[in-house]
Amino acid sequence: MCGIVAYLGDKKAKPILVEGLKRLEYRGYDSAGLAVIDHGRLQLVRSAGRISDLESCLAEQELEGSLGIAHTRWATHGAATTENAHPHLDHTGKIAIVHNGIIENFATLKKWLISKGCTFRSETDSEVIANLISLFYYDESQSDQAGPDRGLEIRLETAVRLALRELDGTYGIAVVSSEVPDVLIAARRGSPMVVGLGDGEFIVASDAAAIVKHTTQAIYLGDNEMVVVTRDGYRTITIENDPVAAKIEQIEYSLDRLELDGYAHYMAKEIFEQPQTLADCLKGRLDQTSGQVVLGGIASLSRELVRAHRIGIAACGTAWHAGLVGEYLFEQLAQLPAEVDYASEFRYRNPIIEQDTVFIVISQSGETLDTLAALQEAKERGALVLGIVNSVGSTIARQTDAGIYLHVGPEIGVASTKAFTGQLAVLTMLALYIARRRRMSQQMLEHYIRALRRIPEQISTVLEQSEYIHQVAQEYHQRENWLFLGRGYQFPVALEGALKLKEISYIHAEGLPAAEMKHGPIALITPEMPVVFVAPKSSQYDKVMGNVEEVKARGGIIIAVATEGDETIRDYADHVFTVPDTLEELQPMLTVIPLQLLAYHAALIRGHDVDKPRNLAKSVTVE
Ligand code: M6R
């Protein structure tokens, strides 16, 4: 989704801004642009398309300035055109802004600004921010609020504050003006902004990835906070003009982990590194000597967790699928009622949060707006909120009462893979942690711990089938409709397999509980339709085999994910991907791997950019 980078320092801004934008490319975007204050003038360069297109436009421009703002845009209001790309200027052309988020009252504001004589050049909601700031900046009566004899810096800061107070919705913004050539202002509400503090320079960005090359010291702005950066330093205040004591933090982000390491795509790298990322996720959390699950991030809340009467879970997309597995895990292992919600629906249905409810939000990025809103809703209704998050220091991680990081490293591919297996591992450990404190015997816990420890190497053996999975993808990649079926713990895996295929191969796929097939979808089955059964040996195996037979009887193409050594399923299936045997509750960490590979190979064969699928963004920071 949209990304912001801004620079004020002693170097040329242009190359730093472009490099920063490249670090944000993985978030998904459809246009890009930058504005640099060059010899006192605002120079604006924008382009629809990729950052390479912006670079071509910039090739001719010798921009010397050391203050600038840049943006990658993921279209919400208005098409992905150069005119709609950020930065946006006010109608005087002297103030430039970049904006992440959505301004909900933009239509009313736009009408009002037009009545005041402002002109607009784009279809975006963001342009109203530039004109609002401008209106306050040039309004003599408003400038009184800055006080007599105050400089242009204060006048701009005041105008930004007053403008932000008019906005409904969410924003992360950065603002510069050619009239105030040594000042950079940034602010946030519901959309992340990090202020990197370098040596004689400041890099402000919506994502730490754009900062870490320059500095690891940073301030994370809170909601309704602003930073005013000058060549002499910075000040943090609220949009109500109250001072904020800035907390300088160390950014934990390793650039090494952003390399492709010889893989053609981040998605491939992230699929194949799962034995290691899962090992990292489990590391230090399964104590062999004491036979305990050790979860430092929630240790102080163990009493509340044991006392809990109910677990609520909210997440989106792949994280929601992990949450659904979590629902089964909490009920099965910890005997705790659990329910997973689509984060986007949660706050719109007057949810009941009973006393002693523990609410868990799951998010790879830690920035998904719907998940953040569910978190806030649950908190307001009195729940204790835990986060299962990958991105350290992200907004969700900071707003939860406590949490458990995945520790699987940055996930760059838009299709979530290693984060999913990490989420499953963390949910399993959390369920075991609570279960042992409630009713599970030590012997049983150790049985699970032993099985969990084997998962990383078991994933390695599944990955060895990549070439065979590629052949199967080759055979069926032109089929435009697929079904993915599973029961129990494999139902969420079926959903995840279908989502993976949809989002990067653009093939229509549906995931269903296998038994639901006969309530309607069975009508779709023809000899043309691939049906993927996620059917490892489990308590539901015989029932799933019944469904396999039903599809076979109707001539469907059967692709099965089955346990190694299962010869029965080979009599029915056209193709079998195998997974090593493990406990039923842990199977999703293995059975999802062939489905990730299937989607990856199908997308490549169909000629798609798997790391940047069309219309998608890595973190969805709008509602
Ligand atoms: O960053 P999050 O885990 O909160 O993201 C949630 C979804 O947007 C995400 O899982 C999405 O569905 C992925 N593209 C799936 O591969």
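For ligands, and for the atoms within them, numbers begin at 1 and follow the listed sequence. What's counted below: heavy atoms across the whole structure, side chains too, no hydrogens, waters or symmetry copies.
Looking only at protein heavy atoms, the nearest one to atom 3 (O) of ligand 1 is Q364 N, 2.6 Å. In terms of protein heavy atoms, atom 5 (O) of ligand 1 is closest to T368 OG1, 3.5 Å. What sits closest to atom 10 (O) of ligand 1 on the protein, heavy atoms only, is T318 N, 3.1 Å. The protein non-hydrogen atom at the shortest distance from atom 8 (O) of ligand 1 is V620 CG2, 4.1 Å. The protein non-hydrogen atom at the shortest distance from atom 1 (O) of ligand 1 is S365 OG, 2.7 Å.
Neither side chain, D280 nor H407, offers a donor N or O lying under 3.5 Å from an acceptor on the other. Defined by atom type and a distance below 3.5 Å, a donor-acceptor pair is present between the side-chain atoms of H71 and N100. For the 3.5 Å distance criterion, the side chains of T395 and E367 qualify, holding a donor opposite an acceptor. In summary, the side chains of Y468 and H575 do present a donor paired with an acceptor at a separation below 3.5 Å, with no hydrogens or angles considered.
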Please report, to 0.1 Å, the donor-acceptor pairs under 3.5 Å made by any side chain of residues 486-501, with sequence neighbours excluded.
| from | atom 1 | to | atom 2 | distance (Å) |
| --- | --- | --- | --- | --- |
| R487 | NE | N547 | OD1 | 3.1 |
| R487 | NH2 | N547 | OD1 | 3.2 |
| Y489 | OH | Y328 | O | 3.4 |
| Q490 | OE1 | T591 | OG1 | 2.8 |
| Q490 | NE2 | Q587 | OE1 | 3.3 |
| E496 | OE1 | T318 | OG1 | 3.0 |
| E496 | OE1 | H321 | ND1 | 2.8 |
| E496 | OE2 | T318 | OG1 | 3.1 |
| E496 | OE2 | K500 | NZ | 2.5 |
| K500 | NZ | T318 | OG1 | 3.0 |
| K500 | NZ | S416 | O | 2.7 |
| K500 | NZ | E503 | OE2 | 3.4 |

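The shortest N or O to N or O distance between V414 and ligand 1 is under 3.5 Å. Between T371 and ligand 1, no N or O atom pair is found at a separation short of 3.5 Å.
For atom 7 (C) of ligand 1, the nearest non-hydrogen atom from the set C316, A315, A415, P613 belongs to C316.
Look at K500 and you'll find a heavy atom under 4.0 Å from some atom of ligand 1.
Of the heavy atoms in E503, only side-chain atoms (C-beta onward) come closer than 4.0 Å to ligand 1.
In terms of the salt bridge (Lys or Arg N to Asp or Glu O under 4.0 Å) criterion, K502 has no residue partners (sequence neighbours excluded).
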Evaluate Q596 against E270 for side-chain hydrogen bond (donor to acceptor under 3.5 Å, both in side chains), listing each step before the verdict. CA-CA 10 Å; Q596 295 172 347; E270 288 158 7; over 6 Å; no
